[in-house]
Structures are given as C-alpha cells and as structure tokens.
**Student:** 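Handing you a structure now.
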Amino acid sequence: MSRIQTVFQRLQADGRKALIPFVTAGFPEPALTLPLMRALVDGGADVIELGVPFSDPMADGPTIQRASERALEQGMSLRKVLDTVRAFRAGNAETPVVLMGYANPIEAMGVGNFVAAASEAGVDGVLVVDYPPEECTGFTRAAKAAGLDPIFLLAPTSTEQRFADVAAAGSGYIYYVSLKGVTGSGRLDIDEVARRIPQIRAAVGLPVGVGFGIRDAESARRIGAVADAVVIGSRIIEEIEQAPAGEAVARVHAFMRSIRAALDAIEPATGVKS
Amino acid sequence: MEFDKQMADMPYQFPDASGHFGPHGGVFVAETLMPALAELREAYAACQADPTFMAEFEYELKHYVGRPSPIYHAKRWSETLGGAQIYLKREDLNHTGAHKVNNCIGQALLARRMGKQRVIAETGAGQHGVATATIAARYGMECVVYMGSEDVKRQAANVYRMKLLGATVVPVESGSKTLKDALNEAMRDWVTNVADTFYIIGTVAGPHPYPLLVRDFQTVIGKECLVQMPEMAGRQPDYVIACVGGGSNAIGIFHPYIGAEGVRLVGVEAAGDGLETGRHAAPLTTDAPVGVLHGNRTYLMQDEDGQIIETHSISAGLDYPGVGPEHAWLKDSKRAEYVAATDAEALQAFHDLCRYEGIIPALESSHALAYAAKLAPTLPRDQILLVNLSGRGDKDMHTVAERSGIQF
C-alpha cells in the first residue's frame with residue numbers, strides 16, 4: 001500500500017480530514033525548503049505538496065508565480081527538488097510528498113529518468129498541471145510502475161466523462177479545483193463544492209482534496225466538512241513573503257496549527273462516508 | 001484545378017482527431033480548460049459544416065479586409081539581385097496592415113456564434129492585438145489585450161491604436177515581460193472567465209483546436225496564390241517563402257501548397273544577433289529540444305532543466321521561444337525547410353524593399369525577404385520565388401530609426 005493510501009485510510013478510520021499544504025521548492029531560498037517541510041509536518045500536515053518551479057506557470061496566480069521566479073533565480077531545478085525530497089525522507093518515513101508542477105521540466109529530464117529518480121528520492125505522487133489524462137498515458141503507466149501515484153485535477157467545469165477519464169488514469173487522491181481561475185484567487189463557492197464532492201467521490205472512488213481559494217481557518221473548516229482533504233498553497237506562500245527575516249518557518253508553523261485546529265474541530269459525523 | 005485534384009488525392013491529413021501533428025500538438029492544459037476546448041471544437045465543427053458561416057467569413061474578407069490581396073512582381077529588386085524572380089503576396093495591404101486580421105474575423109464570428117460577448121488576446125508587436133481590437137469594435141464586443149510590459153514600451157503607437165479602438169490593454173509584468181508572458185496571462189484570464197470569454201489566439205500554436213482553426217482561417221492566403229500565380233507568372237512558384245515566429249502567415253501560404261510537388265516551402269526564423277550567439281528565436285533551425293508549452297508539444301528554446309529561455313529578435317512578432325506544432329511536423333516530415341535570418345540581414349532587406357520597390361515591409365516579413373535576397377542570386381532568372389509579405393512596416397518606424405541613430 002502506498003504512503004498516500006495509508007494516510008487516507010488512517011484518517012478515515014479516525015474520522016479526520018487531511019491537511020495538505022503546498023510550498024514552492026526553493027522559495028524563499030533553497031536552504032529553507034527542508035526546514036519548511038519539517039514545520040509543515042509539525043504543524044499538522046498529512047501530505048506535502050512540493051511545487052516544482054517553472055518559468056511559465058500558466059495555471060498559477062501572482063503569488064505562486066512570484067515564488068517560482070524567486071526560486072528559479074536562486075538556481076532551483078527539478079533535480080534539486082528531488083535532492084530536497086531525498087533529504088526530507090532521511091528524517092521522515094511517513095509523510096507522503098507529492099510533486100506539483102508542469103510537464104516541460106519532466107520531459108526535459110525524460111519521463112523514464114524522472115519517475116526512476118523521483119521514486120528513488122522518496123516521492124509518492126506527481127501532479128502535472130498541464131498533463132490531462134489523455135495526453136500522458138505513457139507517463140501515467142511509468143509512474144504507476146515505479147510506485148508513484150499520478151494525481152489529476154478535476155474542475156467545476158468537468159463533465160461526467162472527465163470524471164471517468166480521471167478515475168481510469170489517477171490514483172492516490174483527486175485534486176478538485178474549487179473555482180474557475182488560477183491558484184490564489186478568491187472566488188470560492190462552498191455550496192457548489194459541497195454539491196460536487198459526493199458526485200466526484202462516487203464516480204472516481206478516490207479521496208477528494210479541495211484546493212484553490214482556501215485562505216483561512218473558516219474556509220478550511222467549511223471545505224473540510226465536505227471534502228476528504230483541504231489543500232492550501234498561495235496563503236502559505238503569502239505567510240512566507242510577509243514574515244520578517246528569519247521568521248518564515250515559525251510563521252508557517254503557527255498558520256498550520258490554526259488550520260489543523262479548525263479541521264480537527266469538524267464533527268466526525270459530517271466526514272467521509274463512502 | 002490540377003492543384004485542387006492533387007489536394008484531394010494527397011495523404012496529408014493533420015492534425016488527427018485529437019489534435020496531433022505526428023508527435024507534436026495536442027491539448028496540454030489544466031483541467032479547467034478541457035471542457036472549454038471541447039466546446040470550441042464542437043462549435044467549430046458545426047461552423048465548418050454551415051455554409052452561411054463560411055459565406056459570412058468570405059463576405060467580411062472581401063468587403064472589410066479588402067481581399068483578395070494582390071500578388072506583385074518585384075521586378076526592380078529581382079533585377080538588382082540578378083537571379084530568380086521575386087513575387088510578393090501583399091498581405092500588408094489588408095485592413096489593419098497584416099495577415100492577422102483574417103484569423104481574427106474567423107474567430108470573432110465563431111465567438112459570436114457561441115454567444116461569447118467578451119474577447120481576449122495576447123500580442124507581441126501589437127499587430128494581433130490591433131486586429132483583435134478592430135474586429136471587437138466591428139462586432140461590438142468587449143476586448144482585453146494582454147501585452148508584455150517590455151513590448152508596451154517598444155510598441156507605444158500600437159498600444160494607442162488599440163485604445164482608440166476601445167480595447168483595454170493590460171501590461172504583463174511577469175517573466176520576461178514579452179509575448180510568451182502575455183500568452184500565459186491571457187490563458188489565466190480565460191481559465192477565470194471561461195463561461196463568457198472567447199480567447200482569440202493569434203498564431204497557429206496553443207492547445208487543439210487552435211492550431212487547426214487559425215490555419216484554416218489563414219489558408220485564404222495560399223488559396224488565392226494558387227489562382228493568382230498562373231495569372232501573373234503563367235505557373236506556380238518554385239519556392240514559397242515566409243517568416244516563422246508562431247507561424248500563422250507561413251502556414252496560411254504553405255498549407256494549400258503542401259500537396260503541390262516541386263514547390264519548395266521555406267520558413268525563415270529569427271536568427272537575432274546570430275545563431276552562434278544563442279541570442280535568437282529559431283527553435284526549428286537550431287533543432288531545439290521538443291517540449292510542452294502553451295498547450296502544445298513542439299520544438300522549444302529551453303535550458304537543460306526544461307525552463308523556457310528568453311529569445312531575441314529585432315522583430316517583436318518573431319520573439320517567441322516555440323513554434324506552431326504543424327511547422328514542427330513539416331520539419332520532421334521534411335515537407336518544409338527552415339532557415340534563419342539575422343537582425344542585420346532583415347534590416348538590409350527592409351531598406352532594400354523600401355528603396356527598390358517603394359514598399360515598407362514589417363520587420364517580421366523582412367526576415368522572409370532577407371532569405372529571398374540570399375537565395376535569388378544563386379538561381380537562374382526563370383525561377384520564381386513567392387514571398388509572403390505578411391505585414392507593413394509602419395509600426396516599425398521607431399525600431400528602424402533607432403537602429404540608424406535617428407530620434408523622432
């Protein structure tokens with residue numbers, strides 16, 4: 001059983017919701033990525049999404065764009081992201097790490113080389129934003145063969161046919177994009193999310209995480225009441241940006257604690273029932 | 001008619017149903033856009049099958065754009081070069097001054113059929129932005145144009161032109177602040193406003209079906225040439241030459257000639273300061289690695305880590321790190337050849353056309369002219385080169401004057 005499956009089964013048994021924070025690898029500086037990942041775990045992360053910076057992040061809003069640019073300016077690369085995961089794994093055998101990024105850096109390394117290196121480094125899942133299932137059958141096969149979960153997005157615009165395509169290709173969990181827009185936008189429609197999650201969960205048979213637009217304990221609590229996992233990205237990058245020098249790790253830790261407390265306050269009765 | 005028959009018999013059927021040109025093309029976008037692209041494919045298929053749509057498109061091309069554009073025999077320039085005869089397809093004479101408008105009309109009509117009242121576009125030099133703003137004014141649509149902040153500075157006249165036409169111009173500050181970043185920002189707008197917004201992509205790149213529909217709207221260029229060349233020169237040309245950035249004017253003139261044996265198709269990329277300097281925008285000529293950007297797989301200028309690198313060209317319209325997937329396929333299949341012209345060579349051709357023919361070409365088109373000027377003297381006088389003069393050079397006055405040390 002993969003680390004991701006283990007985590008979701010344990011949470012379901014406990015009636016708890018997964019908290020999945022996102023940080024851009026190499027932001028605000030490469031040396032802080034490992035301490036930040038450890039602070040995320042201490043602060044209550046169940047899975048870590050680690051952003052692989054790309055020069056042209058089409059699906060990201062200004063916050064994550066800025067973080068990617070800063071990381072690239074400091075020499076961050078896919079190879080260095082894998083080195084960071086390897087270092088994280090040396091001290092943590094349980095917390096799944098999912099790489100989130102764009103296709104081109106993976107294709108530049110070569111899909112075969114990438115899945116082998118990622119698996120060896122201790123990566124658990126890969127979400128490639130611009131790889132819809134029909135364009136990456138070779139990648140999906142190679143990832144699964146190497147023990148990596150290919151994770152796909154679904155969106156408010158997705159049809160039932162798309163649910164089926166994603167169900168056939170994906171494993172680990174589904175990342176439901178909770179709004180029309182880029183990362184960090186503020187147009188979250190929680191009623192719409194509440195209506196869609198049961199449909200998706202029934203169609204794909206995987207846990208459903210919700211992200212894009214979750215900004216605080218209140219929105220996390222409301223999303224957590226209907227989803228299996230809450231993904232928070234841009235808001236964490238903002239905490240890091242706004243932290244005085246030397247305090248980014250502590251700020252992120254405190255923010256995570258507040259979200260964790262909100263999720264743990266959800267009554268188990270409203271939780272996952274499949 | 002002979003060519004029509006060859007077209008009907010030929011095996012060239014690209015893209016395939018899923019938008020691929022061999023290994024290139026495809027639909028590499030975030031999930032949010034997948035249903036929108038499916039909707040666009042369906043709407044376009046319905047329009048293709050609808051004779052009233054094509055009739056409306058042709059009416060606009062004739063009465064609003066001024067088509068057909070003429071072919072002109074550049075006799076004095078050909079004589080001076082001392083070899084093959086150069087003919088120019090005069091897309092510079094279109095309303096708005098370039099070939100871009102053909103595609104904008106097609107897509108705006110499609111947007112109208114789909115009930116979308118808001119159109120967005122990316123632009124580099126500003127020509128596609130001006131064409132989109134023009135058509136939006138013509139059809140009473142809201143128009144937002146994304147333009148890299150570097151390009152906003154370089155192309156102030158076109159920015160004002162778009163504003164005159166009622167468009168909102170949004171300067172893009174991210175990345176290299178040029179065309180590719182404008183495209184990223186337009187995609188982000190589209191993801192956010194996908195229900196009521198139509199994204200008018202200006203070139204034969206992007207996710208399927210854009211490379212297909214932009215090509216279809218631009219092939220009017222080559223189709224006219226098939227009829228005009230026998231009238232003008234008694235036969236079809238030996239070479240068809242066009243500049244390639246994303247590649248829409250080149251596909252427009254190449255595609256109807258793909259089945260015409262004996263007609264060589266030559267795409268001219270921007271060699272910038274010279275291919276050996278690395279400061280250029282010539283992914284095909286330099287055999288750049290194949291990768292994924294802006295929704296399609298194609299040859300891409302990138303570093304070893306797969307990050308897209310900054311390109312360089314005197315012509316903002318060619319300053320793009322990728323190229324339309326159909327050109328990638330025409331290169332692989334060897335049906336077309338790709339070469340590059342430097343900034344200096346393009347400028348020389350720009351000045352020569354001004355002085356020998358009284359035509360001020362766009363700097364983009366000047367790259368195609370530069371290759372024609374290199375090729376013509378090596379060929380006998382009875383050979384024919386057909387060059388797509390894709391746009392006029394009024395927009396480039398500032399750039400050319402600056403290079404000559406002249407201040408307005």
Side-chain angles (χ1 to χ4, degrees), chain A residues 52-62 65-66 68-69 72 75-81 101-110 114 127-136 152-159 161-163 165-166 174-177 179-185 187 212, chain B residues 17-20 23 25-39 172-176 180-197 206-208 288-298 300-310 321-322:
Chain A
V52 180
F54 180 48
S55 52
D56 294 79
M58 286 192 326
D60 286 301
Q65 286 175 50
R66 275 197 304 276
S68 294
E69 282 182 25
L72 290 174
M76 202 19 100
S77 66
L78 180 50
R79 281 186 177 77
K80 290 180 183 168
V81 173
Y102 294 80
N104 203 56
I106 291 174
E107 297 210 350
M109 186 182 279
F114 167 74
L127 196 171
V128 185
V129 176
D130 50 353
Y131 261 171
E134 55 268 60
E135 290 289 0
C136 66
F152 289 96
L153 300 170
L154 282 173
T157 50
S158 299
T159 57
Q161 181 58 48
R162 299 299 304 167
F163 292 1
D165 294 344
V166 162
I174 292 296
Y175 188 143
Y176 181 65
V177 175
L179 45 81
K180 298 181 186 112
V182 292
T183 53
S185 320
R187 301 188 180 187
F212 283 41
Chain B
S18 56
H20 296 92
V27 189
F28 293 89
V29 296
E31 183 61 31
T32 315
L33 288 177
M34 294 299 286
L37 290 163
E39 183 194 359
V172 176
E173 300 288 351
S174 57
S176 57
K180 78 173 176 73
D181 310 287
L183 222 152
N184 292 335
E185 207 55 38
M187 283 276 186
R188 292 179 187 119
D189 180 316
W190 198 32
V191 166
T192 308
N193 301 297
V194 65
D196 70 345
T197 296
H208 179 62
V290 170
V292 173
L293 181 69
H294 294 154
N296 63 128
R297 180 176 279 129
T298 187
L300 272 184
M301 292 182 53
Q302 53 183 299
D303 67 16
E304 323 184 306
D305 295 324
Q307 307 297 340
I308 308 307
I309 57 179
E310 277 190 41

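The structure presented is a predicted model; accordingly, all values stated were derived computationally and were not measured. Residue numbers begin at 1 in each chain, while the letters A, B, ... track the order of the sequences.
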**Student:** Contact part of A:Glu134 toward chain B, heavy-atom cut-off under 4.5 Å: side chain, backbone, both or neither?
**Tutor:**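 Just its side chain gets close to chain B.
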
**Student:** Would the distance check show the side chain of A:Thr157 and the main-chain N or O of B:Thr32 forming a donor-acceptor pair, the cut-off being under 3.5 Å?
**Tutor:** yes

**Student:** Given a strict heavy-atom distance threshold of 4.5 Å, which part of B:Leu300 is in contact with chain A: side chain, backbone, both, or neither?
**Tutor:**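 Contact with chain A: side chain only.
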
**Student:** Between B:Ser176 and B:Asp181, does any side-chain donor sit less than 3.5 Å from a side-chain acceptor?
**Tutor:**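 The criterion, which ignores hydrogens and geometry beyond distance, is satisfied for B:Asp181 and B:Ser176.
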
**Student:** Quick one: what part of B:Glu185 sits under 4.5 Å from any heavy atom of chain A, side chain, backbone, both or neither?
**Tutor:** side chain

**Student:** Sort B:Val27 into side chain, backbone, both or neither according to what part of it lies under 4.5 angstrom from a heavy atom of chain A.
**Tutor:**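 B:Val27 touches chain A through backbone and side-chain heavy atoms alike.
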
**Student:** How close do B:Val194 and B:Ala36 get, heavy atom to heavy atom, and via which atoms?
**Tutor:** CG2-CB, 3.3 Å

**Student:** Between A:Arg66 and chain B, with a heavy-atom cut-off of 4.5 Å, which part of the residue counts as in contact: side chain, backbone, both or neither?
**Tutor:**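 For A:Arg66, neither part sits under 4.5 Å from chain B.
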
**Student:** Which answer fits A:Gln65, side chain, backbone, both or neither, if we ask what part of it has an atom under 4.5 Å from a heavy atom of chain B?
**Tutor:** side chain

**Student:** For the interface with chain B, which of A:Ala108, A:Cys136, A:Pro105 has the highest count of heavy-atom pairs at distances below 4.5 Å?
**Tutor:** A:Pro105

**Student:** Give the minimum heavy-atom separation between A:Met109 and A:Phe114, together with the two atoms involved.
**Tutor:**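 Shortest heavy-atom separation between A:Met109 and A:Phe114 comes out as SD-CA, 3.7 Å.
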
**Student:** Side chain to side chain donor-acceptor pair (under 3.5 Å) with B:Asp305: which residues, sequence neighbours excluded?
**Tutor:**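 Side chain to side chain donor-acceptor pair (under 3.5 Å) list for B:Asp305, sorted by chain: empty.
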
**Student:** Mind listing the closest non-hydrogen atom pair of B:Val29 and A:Pro132 along with its distance?
**Tutor:**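 For B:Val29 versus A:Pro132, the nearest heavy atoms are O-CD, 3.7 Å.
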
**Student:** Is chain B contacted by the side chain of A:Leu153, its backbone, both, or neither, given a heavy-atom distance below 4.5 Å?
**Tutor:** both

**Student:** Side chain, backbone, both or neither: which part of A:Ile106 has a heavy atom under 4.5 Å from chain B?
**Tutor:** neither

**Student:** For A:Pro53, is it the side chain, the backbone, both, or neither that has a heavy atom closer than 4.5 Å to a heavy atom of chain B?
**Tutor:** backbone

**Student:** Return the set of residues passing side chain to side chain donor-acceptor pair (under 3.5 Å) with A:Tyr131 (not counting sequence neighbours), or none when no residue passes.
**Tutor:** A:Glu107

**Student:** Where on B:Gln302 is there a heavy atom nearer than 4.5 Å to chain A: the side chain, the backbone, both, or neither?
**Tutor:**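 The side chain, not the backbone.
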
**Student:** At a heavy-atom separation under 4.5 Å, does B:His294 approach chain A through its side chain, its backbone, both, or neither?
**Tutor:**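 For B:His294, backbone and side chain are both near chain A.
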
**Student:** Where on B:Leu293 is there a heavy atom nearer than 4.5 Å to chain A: the side chain, the backbone, both, or neither?
**Tutor:**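 Just its side chain gets close to chain A.
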
**Student:** For B:Gly26 and B:His20, which heavy atoms make the closest approach, and how far apart are they?
**Tutor:** CA-NE2, 3.5 Å

**Student:** Identify the two heavy atoms, one from A:Tyr102 and one from A:Pro57, that lie closest to each other, and give their separation to 0.1 Å.
**Tutor:**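 Heavy-atom minimum between the residues: OH-C, 3.3 Å.
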
